[in-house]
J.: 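Take this structure first; my questions come after.
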Protein chains: 2
Amino acid sequence: MHIDLILDAIYSLPPESRGRLTQDIKEVSYPKGYILLRAQKIENSIYFIKKGIVRAYESSTENEVTFWFGQEGDPVISMKSYIKSQKGYEDIELLENTELYQISTQKLQALFNEDLHIANWGRKLAEQELIKTEERLIAMQFKTATQRYKDLLEQQPGLFNRVSLGHIASYLGITQVSLSRIRAEIR
Amino acid sequence: MHIDLILDAIYSLPPESRGRLTQDIKEVSYPKGYILLRAQKIENSIYFIKKGIVRAYESSTENEVTFWFGQEGDPVISMKSYIKSQKGYEDIELLENTELYQISTQKLQALFNEDLHIANWGRKLAEQELIKTEERLIAMQFKTATQRYKDLLEQQPGLFNRVSLGHIASYLGITQVSLSRIRAEIR
DNA sequence: GCTCGTTTTTATCATTTGTAAAAAAATCGT
DNA sequence: ACGATTTTTTTACAAATGATAAAAACGAGC
């Protein structure tokens, strides 16, 4: 997925502003299994996924819990690092060989203070992530695990070919055994 | 709580920009029980709480579920309306007689496109709400109801004098009976 | 196609959480 | 202070979910 497409989906930038932003973006790639982002560390970069799939998980508890999957076009950000310059909760692991666009948060901050359009792009980035997170929270509070599973099947059918059901179960907030039962009931 | 204090806590604005923003802000107040915001409607205003307390709840399901409390200084926003101009999930009810600062989203959007500082203020507003929502989501996925209750007791002890345990129970994602059991165990 | 390691399902049992109804306690208005 | 209403707790039972272990299915590599 091309970077211009990704940036534009967030907020359409005039050519000059977009140039300023893309100037600071590098392409990087890492193999399956690589840990892109570590919970202990304050991260200095954010990423967008060109190709591949990643998961964010927290490992401080005995059994690690996946709480986010990122696919082509998605931003990969430790929000605690990005927003508050604090350690995040999550490690982020690449589940396939993955190509990423990388940008330094320092450079991004500088652009936010210089360019009105980029500041609004940054606003939209946060707003879009906010909507997604809010939707997740509401699903966790209002819906049964079965309903959340069905919703995921509908909204992200492709996900099931790319990640294990163990990861999906913890993403849904249940055990793998529970997920297996849900699948058996539906069948 | 004074509006300048609230705005500054989000992002410190230079005097000229702050003036532009506060110019469009009106003070309003409504009595306890008033429904400030309705799920069916696309809202044209956002608010900040000067004095009082409110709750957001979704009522489409049989038993209504509270998923957010707002207190002095907090923004009161239907994010779906504000960000995507779509209907939100939530009704918002005033739990006390409440004084609010009101601003039109249209005027705010106009200011975002005119003033770099205000655009960055808007970015910070979204970012702060994002961090809060993410923390909630993570607590729902990683922590037991008992732990979430204890956390709330610690972080917002004042809340318990202002809202019923029934509302708090649904906020924590459990039934009132469950909450009562938790409280009995701890005692 | 076979083997080894991983993932997924199934089974059993213990624990947690929910539902419903009733009792107890607290709150409110007069 | 009183009764009426609402809120909170308690109880008994049902349903859902978790933990653990074992079996079955699947996949990568030879």
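In the text below, chain A, chain B and the rest are named by the order of the sequence lines, each starting its count at 1. Since the structure is predicted, the reported quantities are computational estimates derived from the model, not experimental observations.
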J.: Give the B/S/- string for nucleotides 6-15 of chain D, one per nucleotide from 5' to 3', where a protein heavy atom under 4.0 Å of the base yields B, of only the sugar-phosphate yields S, and otherwise -.
T.: --BBBBB---
J.: If you walk 5' to 3' along DNA chain C, what is the first nucleotide with an atom under 4.0 Å of a heavy atom in chain A, and what is the last?
T.: C/dT8 to C/dT12
J.: Using a strict 4.0 Å threshold on nitrogen-to-oxygen distance, state whether A/Glu72 and A/Arg162 make a salt bridge.
T.: yes
J.: Please enumerate all residues that pass side-chain contact (heavy atoms from CB on, under 4.5 Å) together with B/Gln147, with sequence neighbours excluded.
T.: B/Lys143, B/Thr144, B/Lys150, B/Asp151
J.: Can you name the residues that form a side-chain contact (heavy atoms from CB on, under 4.5 Å) with B/Leu116, not counting sequence neighbours?
T.: A/Leu116, A/Ala119, B/Asn120
J.: Applying side-chain hydrogen bond (donor to acceptor under 3.5 Å, both in side chains), name anything that partners A/Arg20, two or more places apart in sequence or on another chain.
T.: A/Asp115
J.: Expressed as a whole number of angstroms, how long is the span from A/Lys143:NZ to D/dT17:P?
T.: 16 Å
J.: Please list all pairs passing the ring pair (Phe, Tyr, Trp, His ring centres under 6.0 Å) test where one or both residues lie in residues 114-134 of chain B, with sequence neighbours left out.
T.: none
J.: Counting only pairs under 3.5 Å, give me each side-chain donor-acceptor contact of residues 1-13 of chain B, with atom names and distances, residues two or more places apart or in other chains.
T.:
from, atom 1, to, atom 2, distance (Å)
B/His2, ND1, B/Asp4, N, 3.0
B/Asp8, OD1, B/Arg18, NH2, 3.1
B/Asp8, OD2, B/Arg18, NH2, 2.9

J.: Decide, yes or no, whether a salt bridge links A/Lys132 with A/Glu127 under the criterion of side-chain N to carboxylate O below 4.0 Å.
T.: no
J.: Tell me, which pairs form a ring pair (Phe, Tyr, Trp, His ring centres under 6.0 Å) where one or both residues lie in residues 145-187 of chain A, sequence neighbours left out?
T.: A/Phe69-A/Tyr171, A/Tyr149-A/Phe160
J.: Can you list, pair by pair, the side-chain donor-acceptor contacts under 3.5 Å of residues 31-51 of chain B, counting residues two or more places apart and other chains?
T.:
from, atom 1, to, atom 2, distance (Å)
B/Glu43, OE2, B/Arg38, N, 3.1
B/Ser45, OG, B/Gln102, NE2, 2.9
B/Tyr47, OH, B/Gln102, NE2, 3.3
B/Lys50, NZ, B/Glu27, OE1, 3.0

J.: Within residues 168-175 of chain B, find the residues that approach DNA chain C with a heavy atom at under 4.0 Å, and present them sorted by residue number.
T.: B/Ile174, B/Thr175
J.: Can you tell whether the side chains of B/Glu64 and B/Arg55 come within less than 4.0 Å, N to carboxylate O?
T.: yes
J.: With the threshold set at under 4.0 Å for non-hydrogen atoms, list the residues of residues 145-153 of chain A touching DNA chain C in residue-number order.
T.: none
J.: Would you indicate, yes or no, if D/dG18 has its OP1 or OP2 atom less than 4.0 angstrom from a side-chain nitrogen or oxygen of A/Ser178?
T.: yes
J.: Answer yes if the side chains of A/Gln156 and A/Gln71 hold a donor-acceptor pair under 3.5 Å, and no otherwise.
T.: yes
J.: Quick one: side-chain contact (heavy atoms from CB on, under 4.5 Å) partners of B/Arg181, sequence neighbours excluded?
T.: B/Val177, B/Ser178
J.: Between A/Lys80 and B/Glu135, does any NZ, NE, NH1 or NH2 come within less than 4.0 Å of an OD or OE carboxylate oxygen?
T.: yes
